[in-house]
2 protein chains.
Amino acid sequence: MNETLIPKPDYEAALREAGVRITRPRRVILGILSDAGDHPDAMEIFRRAVEIDASISLSTVYRTMKLLEGIGAIHRHAFEGGPSRFEPAAGDHHDHLIDIETGDVIEFQSDRIEELQHEIARELGYEIVHHRLELYGRRKRKR
Amino acid sequence: MNETLIPKPDYEAALREAGVRITRPRRVILGILSDAGDHPDAMEIFRRAVEIDASISLSTVYRTMKLLEGIGAIHRHAFEGGPSRFEPAAGDHHDHLIDIETGDVIEFQSDRIEELQHEIARELGYEIVHHRLELYGRRKRKR
DNA sequence: ATGCAATTGCAAATCACTTGCAACTGAAGA
DNA sequence: TCTTCAGTTGCAAGTGATTTGCAATTGCAT
């Protein structure tokens, strides 16, 4: 859709900065993440990885996702009733609308909602560390 | 805090209406849910249940939660990084603020946010079936 | 090129549930 | 009240997603 508009995140630099090795399996997984336009889960990433290097293991995919999440390079989303799905952390903050029929994920953003959230938290005596806003919906058939 | 203000849901009537038996284990679990002021998970409900009737099994707790969720008597919340937690469906809609230090759950409600959500979904060509809004925060120390 | 701690693949383990099955029990009817 | 029997239960085994132990491998700083 608009892949060309999104700058590919430089994962290798992030790894180097985190002081971890840039290994072959990591390079493969990172490549997949860089040009994933969707929100794949670990198994899907594994499937794509095996196409490139058959020796990669699912554990390594999980370990790499955890590592990348740890250094803040990707975000993990545990949408309802399914495995975690991942996306590059690059780009600005957004929330998700999940098509309950297809599993498609649509990103959206609302400053107004963000504001309201902080306002609510503040009133309750809390400061938000992070939040989760997911809309589960069904495509309206145009009439 | 305000247990006395919340009407205890009549679970037994709900079960009867759903045409299922009111058994001893169910009565015990229902009793626990009725006066749970918190948002316990299955294991916690099981622990409380065993106090009352040592023969209750964890499977029955899970089966009962699924049953109650199915008839709409309770809501299931899968907060980040933990097992599902439950709460009576009685009372009006609200979202949750989770204290990331203690796990405490605070309920809040914002008509404005609800409105905005529908507006956003509509603009994207979707109708919301349900949604999930969770704020994860830390208590502000009063100064 | 060498050394070795970081990393990997594989298998086994864990966590939160779910399910198969034989025994048990509400509750509708005799 | 007593029967009857499909709905329920406890227990153990099974799942799906993810994590972990460990021995073998491999980046990468000498």
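The chains referred to below are lettered A, B, ... by the order of the sequence lines, with proteins before strands, and numbering in each begins at 1.
Within the structure, the ring-ring contact (aromatic ring centres under 6.0 Å, His included) test picks out no pair touching residues 106-127 of chain B (sequence neighbours left out). Within the structure, ring-ring contact (aromatic ring centres under 6.0 Å, His included) pairs that include any residue of residues 32-52 of chain A comprise H39(A)-H96(A) (at least two apart or interchain).
End-to-end axis angle of the helix from dA1(C)-dT30(D) to dA30(C)-dT1(D), using five pairs per end and rounding to 10°, comes to 30°.
By the ring pair (Phe, Tyr, Trp, His ring centres under 6.0 Å) test, Y136(A) is found to be paired with H130(B), residues two or more places apart in sequence or in another chain being considered. Partners of D99(A) under the salt bridge (charged side-chain N to carboxylate O under 4.0 Å, His left out) rule, at least two apart in sequence or in another chain, do not exist in this structure. Considering only residues two or more places apart in sequence or on other chains, T60(B) meets the side chain to side chain contact (heavy atoms under 4.5 Å, CB included) condition with P25(B), I29(B), S57(B), R63(B), T64(B). For R24(B), the salt bridge (charged side-chain N to carboxylate O under 4.0 Å, His left out) test picks out D53(B), with sequence neighbours left out. Residues that satisfy the side chain to side chain contact (heavy atoms under 4.5 Å, CB included) test with A49(B), not counting sequence neighbours, are V28(B), I32(B), I56(B). Residues satisfying the side chain to side chain contact (heavy atoms under 4.5 Å, CB included) criterion with D38(A), sequence neighbours excluded, are A36(A), P40(A), R48(A). Evaluation of the salt bridge (charged side-chain N to carboxylate O under 4.0 Å, His left out) rule for E115(B) yields R112(B) as partners, not counting sequence neighbours.
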Close N or O pairs between protein and nucleotides 13-17 of chain C (under 3.5 Å):
from, atom 1, to, atom 2, distance (Å)
dC17(C), OP1, S84(B), N, 3.4
dC17(C), OP1, S84(B), OG, 3.1
dC17(C), OP2, S84(B), N, 3.2

Letter per nucleotide, 5' to 3', of nucleotides 22-30 of chain D [B base touched, S only sugar-phosphate touched, - untouched; heavy atoms, 4.0 Å]: ----BBS--

